[in-house]
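As structure tokens, the structure follows; a few thoughts come after it.
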Amino acid sequence: MKLRSIFTNSFGILISRVTGLGRDVLMASALGASVWSDMFFVAFKLPNLFRRIFAEGAFTQAFMPSFVASRHKGVFGTAILLRFLLFLIAVSLCITFFPEPITKLLAWGWDGKQIAQTAPMTAINFWYLDLIFIVTFFATLLQYREHFATTAMSTALLNISMIFALWFYMKEDPKTVAYAVSFAVLVGGVLQVAAHLIALHRFKLDGLLLGGWRHRNDTKRDITEETRHFQSLFLPGILGNSTPQISAFVDTILATFLMTGSVSFLFYANRVFQLPLAIIAIATATVLFPAVSKALKNGDETKAYENLNQAFWLLAFLLGAAMLGGMLLAEPIVWLLFERGKFTQAETLHTVTVLQMYMIGLLPFGLAKLFSLFLYASHRHRKAAKIAVYSLIASVTSSLILMHPLGAAGLALAGSIGGWVLFVFTVKEVGTQRFLSIVRSRKSFYFIAVMIPLALLFYFLNGWLVGLIR
């Protein structure tokens, strides 16, 4: 099951997420859960949304099957890169000159003054989207060569850039800190592109792209059908992969109608939630996807589904333990990471309830990520998109129902409800009988036997830790 590659990828993602948590610790200390932290998170929300959609599989899962099947890989890859990049540059220029409408779209509940203050940061942060697309495209080529470490660790460069900005401007006024971090986002994006260029040269993939550029006119007709096929997969692939991100995006908008700090509570809690999801589920899915795509293309379903069986139990045990730990140890975790400087005990308690609601969805989101591989590898992107729409409808409807009685925690719980809907429908599409054949094993008994005492351990450990810190 390529365990070595999975753990290498997990380790790289862990480094990136740890530096990300370090960044958020400094952010919480410098800005707390304030008006300026809310404004920065709103400005960073759109490029960060697309970063997660692109970097965590949406582009790759549309591009990889087409690239594997292409007869002129260099020309095909170059054509896709140029088309996307020119489109994104055009959009970024529009946002630069007219940032207020898109900012208003991100924060409906804010007044005109707050929108005007946030708009320049939105324009700055949006250019990160262009850089992260280049990174994602290069990363997909590296995944084809089964190299994952560079991409897994490259996000650390973004975090390190932001950490330096926070460190140097920590004692300045909040506005200066927010702008410094915004420019640091762009610096981090440039560093990520540079790291991937070095890796491309090492694996001689830069020559593939240069050759594609030189011969683009010679084989233009030959790749027309391949390009159309990719386009038919891309939009459904984006929709199918982006349910959690779109749900979080909608939640950010809805949170602007709630108490001040709600956007920040969601951001900080989601950062903790994303850590186990990334290092366990996303790392495993990223490594398995090229192998599953090649196996299904070659008609070797047995090999593909053997990987599914083994990966299912790896994820079930690890995500189950992380879910219990995140729910039962939420207060010590948030206290350790964020409660310092301008981040108070009251803000910790708000973030704790949000984190607990997010954690309810950790297991279904992770397992849905695994099962969806087989939809994308077999070119069933439209089915995946349809399932994602069901999940998104459930999530948004639940958000509207729960946001007023439960506040930001209700928005997080709604996201988890959407995760369970996503999991159930994805399993049904891949094959309910196949799923039942996996869970009808002795490992199900082992799973229950491990989770019950683990929950008790976390419960008593939480009581002891809260007694110490409070």
Side-chain angles (χ1 to χ4, degrees), residues 1-3 5-7 10 57 61 240-241 243-244 273 276-289 291-293 295-296 300-328 357-378 380 383-384 386-388 390-391 394-395 413 415-459:
M1 198 182 62
K2 300 182 180 296
L3 284 175
S5 295
I6 290 173
F7 287 120
S10 295
Q61 289 173 351
N241 274 274
T243 300
F273 166 77
L277 184 66
I279 65 174
I280 299 170
I282 294 173
T284 302
T286 299
V287 170
L288 289 183
F289 186 61
V292 170
S293 296
L296 292 181
D300 192 356
E301 287 195 4
T302 302
K303 181 179 179 181
Y305 285 108
E306 280 178 1
N307 284 331
L308 173 64
N309 193 339
Q310 295 170 5
F312 176 87
W313 287 112
L314 176 67
L315 294 191
F317 279 93
L318 294 178
L319 290 174
M323 182 176 73
L324 291 175
M327 293 177 67
L328 297 174
M357 296 301 102
Y358 270 134
M359 281 296 174
I360 293 173
L362 180 61
L363 187 62
F365 271 126
L367 293 177
K369 195 81 177 174
L370 176 65
F371 278 88
S372 67
L373 290 182
F374 292 84
L375 299 182
Y376 294 112
S378 57
R380 286 184 281 172
K383 288 287 187 181
K386 189 175 181 180
I387 293 168
Y390 296 153
S391 172
S395 178
L413 177 58
S416 294
I417 292 171
W420 280 102
V421 172
L422 181 69
F423 171 67
V424 169
F425 279 97
T426 302
V427 166
K428 183 179 178 181
E429 181 60 34
V430 173
T432 304
Q433 289 302 317
R434 196 176 298 278
F435 172 73
L436 292 176
S437 69
I438 293 173
V439 298
R440 286 175 187 155
S441 73
R442 197 173 296 175
K443 292 175 184 175
S444 294
F445 171 76
Y446 295 151
F447 178 79
I448 296 171
V450 169
M451 292 302 134
I452 292 175
L454 194 60
L456 293 173
L457 174 63
F458 286 153
Y459 175 80

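Positions are given from 1 along the sequence.
Between G419 and S391 the shortest heavy-atom distance is N-OG, 4.3 Å. The two atoms that bring A321 and L454 nearest to each other are CB-CD2, 3.5 Å, heavy atoms only. Across every non-hydrogen atom of A455 and L328, the tightest pair is O-CD1, 3.3 Å. Contact record, L315 with A281: CD2-CA, 3.9 Å, taken as the closest heavy-atom pair.
Of the inter-residue distances, the one linking T284 atom OG1 with L314 atom CG reads 5.0 Å to the nearest 0.5 angstrom. For the atom pair M359 CE and L277 CG, the distance stands at 9.0 Å (nearest 0.5 Å). Taken to the nearest 0.5 Å, the CG atom of L363 stands 6.0 Å off from the CG atom of L319. Here the CG-CD1 distance, from L318 to I280, works out to 5.0 Å after rounding to the nearest 0.5 Å.
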When the side chains of residues 437-453 are checked against the rest of the protein, which donor-acceptor pairs come out under 3.5 Å, sequence neighbours left out?
residue: S437; atom: OG; partner: R434; partner atom: O; Å: 2.6
residue: S441; atom: OG; partner: I438; partner atom: O; Å: 3.4
residue: S441; atom: OG; partner: K443; partner atom: N; Å: 3.3
residue: S444; atom: OG; partner: V439; partner atom: O; Å: 2.3

Kindly list each side-chain donor-acceptor pair under 3.5 angstrom involving residues 420-429, sequence neighbours excluded, with atom names and distances?
residue: W420; atom: NE1; partner: I360; partner atom: O; Å: 3.2
residue: T426; atom: OG1; partner: L422; partner atom: O; Å: 2.6

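Put simply, the side chain of V430 does not reach to within 4.5 Å of the side chain of F435, judged on heavy atoms.
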